[in-house]
S.K.: 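This structure is in structure tokens; I'll ask about it shortly.
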Amino acid sequence: MKQQTKRLLKSLCMAVGIILLSAVDPLAGYAAERTIDIKHLGEGQSIVRVDARAKYLLLPVEESSPESKLYMIVDNDVVRTFNVRLAVNKVDYFVPVDLSGYADKHISFNFQLAPESALCWKEMKLSDQFDSSNREKFRPAYHFSPAWGWMNDPNGMVYKDGEYHLFYQYNPYGSMWGNMHWGHAISKDLIHWEHQPVAIAPDALGTIFSGSCVVDKDNTAGFGAGAIVAFYTSASDRQVQSMAYSLDNGRTFKKYDRNPILTSTQRDFRDPKVFWHKESNKWIMVLAVGQEMQLYSSPNLKDWTYESSFGEGQGAHAGVWECPDLIELPVKGTELKKWVLICNINPGGPFGGSATQYFVGAFDGKQFVNESPALTKWMDYGKDHYATVTWSNAPEDRKIALAWMSNWEYANNVPTLQYRSANSVPRDLVLYTKNGQTYLSSTPSPEVLKLRGKAQKKGSFKVDRSHEVNPVLPDPTGTYEIEIKFKNNGADIMSFQLFNSKGEEVEMRYNLLDNTFTMDRRNSGITDFSKTFATATSAPISAAKEYTLRLLVDKSSIEAFDGNGEFVMTNLVFPEEPYNRISFHAKGGAFTVTSLTIYPFK
Ligand code: FRU
């Protein structure tokens, strides 16, 4: 069709309020008009009617636009309400609104706030496809990230019948925080994940904030033996606790018809973590309430009794406490077990913004008692490790933790578009004792080893000033693991740099004068999306002659694990080009790299 005729037809259609998008629906097998009929009502109010015979309405998003409120209306009833940053001047990406559940119905949308001049009216379209293929350069290869849209906290992690379920805070309508749903993915090995449809969507009680799942083996709730029962916070003006259950191994959830199950007059009242406490024969719920954790108990998952509160005068308090977990762990090298209360805090982390602190102590089914109230203990010494919780019902009583690899200081602005945020690798937790204190030790879950490709070993070499190792790192995409063994021969500082041809680098160093390990990302690549991103983070280390470090690098993240499990450090990086070279530097003396092993990922 000639451009002119096309334009004429388009303006004709506009005149009668119709945009003709495509004439034939191949799926329906008969000719059907796919139309978007837009009526502007003034002052940012518009009604959009769509032909239901497409799978999706694709909405154009511009991230710097304000959120517009959309009501999806089917047969005169609102079936969904959500906010979208509709494109005004340019389109950053599209988000899909799934229309498929209403194939033979009339669907319309009430839009609030997008001006009549906005670009979105021209750009929105009906389609049977939504392209969510994985192509952004910072999207990790082996860390979980959502197919599209925004993700924050891991939620409701539960193992059942050979499957690890991961739910997560999810916005399917944009890559910034909002419209919280529980997204869902399933894995058989904690590494390869299959995306599932949204598990729990907002309702009249609110959006769906963080929480947990249990397997109700003995049918204490009466939903059925083996039901997966989910607990989450329904968030609107106030926060209340709700539950839903699944009788088909997590494929679908039904909300409990008597929600909410727990309310409070406190404004910050959220993130229920539920577990079975066998000694007291009861379910326990831990809730984050302002700057404390509250414990409740229940025989049946539905009726909850307040037991105690924990927090005053303990640990860090420069922010709100969120996403609790309470687990019992063995102490390495002993027969002892102790309880650990995981407490995410935002802001107030050691390097600003969000972080995970924890308390070690005793729990009797009613009260948690911290054994070292004078100490603040951090689970990870990076800046991008938050909302950490563990899997429920994991095999062999393993306690497997997962963190959201970001920080509320800049999570909404990191330089990705179609999706935002990834999780850490899964980490197995145990306790260890040092100088009379008990600490958490996190190591990559053994499943992570399966990702290692063929090892490339560089022999032992001495570093007395500076030493660049050739050849370059193996994987040009920036996805690899490196294991380095250091032996100090009198150096004050043993450092190494991952770098690229653009002069971008991440420096890591052992400072043997003050016994710290530091990761410095100030020159790591793109850092200007936030004032607080370009920074270095440090962890205390034990004084020793030899150290082993394991680095998991995946395009836009580096996780550094101490070989003895004494510290972990998780930091995001956004290099313009992958770091594909490594060099070593010594100060004040020499050291030896007794082995350097590089594993490309399979
Ligand atoms: C933590 C958090 C939770 C809350 C959720 C909302 O990152 O603030 O406390 O449930 O995110 O998305």
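All ligand and atom numbering here is 1-based and tracks the order in the structure. Throughout, numbering of the chain's residues begins at 1 and tracks the sequence.
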S.K.: Given the side-chain rings of Phe574 and Phe529, with only the six-membered ring counted for Trp, is the space between their centroids under 6.0 Å?
M.R.: yes
S.K.: Looking at Phe368, Phe310, Phe359, which hits side chain to side chain contact (heavy atoms under 4.5 Å, CB included) with Leu326?
M.R.: Phe368
S.K.: So which heavy atom in the protein is nearest atom 2 (C) of ligand 1, and how far is it from that ligand atom?
M.R.: Asp153 OD2, 3.3 Å
S.K.: Could you check if a side-chain atom of Val369 sits within less than 4.5 angstrom of a side-chain atom of Phe363, using non-hydrogen atoms only?
M.R.: no
S.K.: With a 4.5 Å cut-off on side-chain heavy atoms, are Ile208 and His181 touching?
M.R.: no
S.K.: Tell me which part of Trp177 gets within contact of ligand 1: side chain, backbone, both or neither, using heavy atoms under 4.0 Å.
M.R.: side chain
S.K.: Measure up the Phe144 and His195 rings against each other and bin them: parallel (under 30°), tilted (30 to 60°), perpendicular (over 60°).
M.R.: tilted
S.K.: Could you tell me whether Asn152 and ligand 1 have an N or O pair separated by under 3.5 Å?
M.R.: yes
S.K.: Looking at Asp271, which atoms of ligand 1 are within less than 4.0 Å of one of its heavy atoms?
M.R.: 3 (C), 4 (C), 9 (O), 10 (O)
S.K.: Considering only heavy atoms of Tyr386, which atoms of ligand 1 have at least one such atom less than 4.0 Å away?
M.R.: 1 (C), 7 (O)
S.K.: Find all atoms of ligand 1 within a distance of less than 4.0 Å from any non-hydrogen atom belonging to Phe209, and give their numbers and elements.
M.R.: 4 (C), 6 (C), 10 (O)
S.K.: Under 4.0 Å from a heavy atom of Arg270: which atoms of ligand 1 are those, numbered in the order shown and with their elements?
M.R.: 3 (C), 4 (C), 9 (O), 10 (O)
S.K.: Does the gap between the ring centers of Tyr381 and Phe567 come in under 6.0 Å?
M.R.: no
S.K.: Could you list the atoms of ligand 1 found under 4.0 angstrom from a heavy atom of Met180?
M.R.: 12 (O)
S.K.: Taking the six-membered ring for Trp and the full ring for Phe, Tyr or His, determine whether the centres of Phe130 and Trp148 are under 6.0 Å apart.
M.R.: yes
S.K.: Which of the numbered atoms in ligand 1 are below 4.0 angstrom from a heavy atom of Gln169?
M.R.: 5 (C), 6 (C), 12 (O)
S.K.: Give me the residue, atom name and distance of the protein heavy atom closest to atom 8 (O) of ligand 1.
M.R.: Glu322 OE2, 2.9 Å
S.K.: What atoms of ligand 1 come closer than 4.0 angstrom to any heavy atom of Trp408?
M.R.: 1 (C), 7 (O)
S.K.: Side-chain contact test, heavy atoms from C-beta onward, threshold under 4.5 Å: evaluate it for Phe533 versus Leu572 and give yes or no.
M.R.: yes
S.K.: Find all atoms of ligand 1 within a distance of less than 4.0 Å from any non-hydrogen atom belonging to Ser210, and give their numbers and elements.
M.R.: 5 (C), 10 (O)
